[in-house]
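This is a predicted model, so every value here is computed, not measured.
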Amino acid sequence: MATATLGPAGYAVTVQSGRHRLAADEPESSGGGDTGPTPVGLLLSALASCTAITLRMYAERKGWPLTGARVEARLLPDDAGGHIERDITLSGDLDPAQRARLGEIAGRTPVTRIVAEGRKITTTVR
């Protein structure tokens, strides 16, 4: 569960996720104070971090020599309202088949599935 609390002015929010506290805001160009990533930035961060973690977990289970991963995720505009581009750089003495398999695994991470497949959202206003 995550909770976002908006103060009395501005767009800055305090986000509580479990025992962790984060910040989110809008850039100054949008009227915010730029005190944290935008909500879309947080979504892209979730996708990138989930991808890196899942790849490490998979490589460890297989005993593969993955020594690091850099995952960049960006939202690019298009005629359909935008799409996410993800670029993965793997470190380690991996052979081409292992790299290809990790690319396939990236397409099946939990956050990838949620974003790509979409989820129903129900809302209650109190």
- Return yes if some donor-acceptor pair links the side-chain N/O of Thr3 with the main-chain N/O of Ser17 below 3.5 Å, else return no. no

- Message: Please check this pair: side chain of Thr67 against backbone of Ser91, looking for a donor-acceptor N/O pair closer than 3.5 Å.
- Response: yes

- Message: Around atom CZ of Arg21, are there more than 12 heavy atoms from other residues, nucleotides or ligands closer than 6.0 Å?
- Response: no

- Query: Going by heavy atoms in the side chains, are Arg86 and Leu47 under 4.5 Å from each other?
  - Reply: yes

- Test item: Gln16 side-chain N/O and Gly18 main-chain N/O as donor-acceptor pair under 3.5 Å: yes

- Item | Leu75 to Gly82 - nearest heavy-atom pair and separation | CD1-C, 4.2 Å

- Asp87, CG: over 12 other non-hydrogen atoms inside 6.0 angstrom: yes

- Charged N to carboxylate O under 4.0 angstrom, Glu72 versus Arg70? yes

- Task: Could you tell me the separation between the CZ atom of Arg113 and the CZ atom of Arg119, rounded to the nearest 0.5 Å?
- Result: 9.0 Å

- Message: Who clusters with Trp64? Use side-chain heavy atoms, under 4.5 angstrom, across I, L, V, M, F, W and Y, and order the result by chain and number.
- Response: Leu55, Tyr58, Leu66, Val71, Ile88, Leu90, Leu94, Leu102, Ile105

- Message: Checking Thr54 against Arg108: is there a side-chain donor and acceptor pair closer than 3.5 Å?
- Response: no

- Item | Nearest non-hydrogen partners of Arg99 and Gly92, listed with the distance | NH2-O, 3.3 Å

- Task: Using modelled atom types only, decide if a donor and an acceptor are shared between the side chain of Asp25 and the backbone of Gly33 within a distance under 3.5 Å.
- Result: yes

- On a heavy-atom basis, the closest approach of Pro110 and Cys50 is CD-SG, 3.6 Å

- Shortest non-hydrogen pair, Ala106 vs Thr51, comes out as CB-CG2, 4.0 Å

- Any chance you could pull the hydrophobic cluster mates of Ile121, using side-chain heavy atoms under 4.5 angstrom and chaining through other members? none

- Task: Report yes if the side chains of Glu26 and Thr38 come closer than 4.5 Å at any heavy-atom pair, otherwise no.
- Result: yes

- Under a single-linkage definition using a 4.5 Å side-chain heavy-atom cutoff for Ile, Leu, Val, Met, Phe, Trp and Tyr, are Leu42 and Val40 assigned to the same hydrophobic cluster? no

- Report yes if some heavy atom in the side chain of Leu76 is under 4.5 Å from a heavy atom in the side chain of Asp78; otherwise report no. no

- Task: Quick one: name the residues clustered hydrophobically with Met57, using the 4.5 Å side-chain heavy-atom rule over I, L, V, M, F, W, Y, and just say none if it's on its own.
- Result: Ile53

